[in-house]
Amino acid sequence: MTNPSNDSFTLAGKEYHSRLLVGTGKYKDLDETDAAISASGAEIVTFAVRRTNIGQDKDQPNLLDVISPDKYTLLPNTAGCFDAKTAVRTCRLARELLDGHNLVKLEVLGDEKTLFPDVAATLEAAEVLIKDGFDIMVYTNDDPIMAKRLEELGCISVMPLAAPIGSGLGIRNRLNIRTIVENATVPILVDAGVGTASDAAIAMELGCDGVLMNTAIAAARDPVLMASAMRKGIEAGREAYLAGRMAPKRFASASSPMDGLFF
Amino acid sequence: MQIYLNGEQQQIPDNTSMAALIESLELSGKRIAVEVNEELVPRSSYSDYNLKPQDNVEIVHAIGGG
């Protein structure tokens, strides 16, 4: 039997056993953020970069006090960037914020209604950032051609969407996700659009290396319980992928032998 | 002199250094990052970096996001 406890994937030279990556947005407070992330078992946690509130409560706890860089691999993201230039600026600020840490999640968005990626601007930003020494995990469409181009450009991981960010619609195009996985030599993570644990399991059954999610956990009625469910969904899907599912058949195949019937 | 701090006009003394500005905002030692006129200002150069009139200063930190 394949031993799933030895199962891991590697990003920027570091090995990870958890294939669930989580965001830190939309939680009620930092305590809930902390509890949900612990329950998810995630080792990689993403966050956003925004203006500091000048002149407001100085003792307000900082996200990085809860999501400590000693405990997690932090993945700053460029959420909210609608052009290559602001995405590049955001990554440089994030690197400074984390004392020279080069791993970033690049997303350059096309419009506010769909939050679909602007792939031309994403390519432009990725090129600048790679030259500047960043390790880029890149959010993109479920488009096998673009996924390959981003890989060839030097992105260390390609992260196609399952469905629009925050929509919870699940994987809209399983065949494209499968094709992206089959073509890839870098880790492929589904990023955005999963709604519940079965969606996460399907992504893993398709052969993805992991899933990054935020709203599906944070917007659940009980985020901590959903974080635990997602962890199990990811593990179940991964084990099913490693186990190799049976071939689907159109008609029945009896599970009990026909020989030895006594009537 | 006048600068823009996170998009708001702000009056500060002439020749204020970045270190002094951060100190006056009680942000010293906090996990922040700074850019001026869209260029990163590394932490190591805060003391030597003197602000100029009309500089656009952005001070950012980490927040929850996905």
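Residue numbering restarts at 1 for every chain, and letters A, B, ... go by the order of the sequence lines.
Distance check, rounded to the nearest 0.5 Å: CD of Glu8(B) to CD1 of Ile54(A) gives 9.5 Å. Once rounded to the nearest 0.5 Å, the distance linking OG1 of Thr52(A) with CG of Asn6(B) reads 6.5 Å.
Proximity to chain A (any heavy atom under 4.5 Å) is restricted, for Leu40(B), to the side chain, taken from C-beta onward. For Thr33(A), no part lies near chain B; criterion is any non-hydrogen pair under 4.5 Å.
Across Gly25(A), Ala48(A), Gly23(A), the residue that shares the most heavy-atom pairs under 4.5 angstrom with chain B is Ala48(A). Contact tally against chain B (heavy-atom pairs below 4.5 Å) for Leu63(A), Leu74(A), Leu98(A): the top residue is Leu63(A). When the candidates Asp191(A), Leu75(A), Leu93(A), Leu64(A) are compared by the number of heavy-atom contacts under 4.5 Å with chain B, Leu93(A) comes out ahead. Most heavy-atom pairs under 4.5 Å with chain A, from the set Gly65(B), Gly64(B), Gly66(B): that is Gly65(B).
Of the possible donor and acceptor atoms, none in the side chain of Glu58(B) sits under 3.5 Å from a partner among the backbone N and O of Arg51(A).
A salt bridge links Glu38(B) with Lys85(A): at least one charged nitrogen is closer than 4.0 Å to a carboxylate oxygen. Electrostatic pairing of Arg31(B) and Asp99(A) counts as a salt bridge here, judged by a charged N lying under 4.0 Å from a carboxylate O.
Between Ile32(B) and Glu96(A) there is no side-chain heavy-atom pair separated by less than 4.5 Å.
Heavy atoms of other residues, nucleotides or ligands lying less than 6.0 angstrom from CD of Glu39(B) number 12 at most.
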For Asn62(A) and His61(B): C-alpha separation, side-chain torsions, deciding distance, then whether side-chain contact (heavy atoms from CB on, under 4.5 Å) applies. CA-CA 8 Å; Asn62(A) 187 295; His61(B) 66 160; 4.2 Å; yes
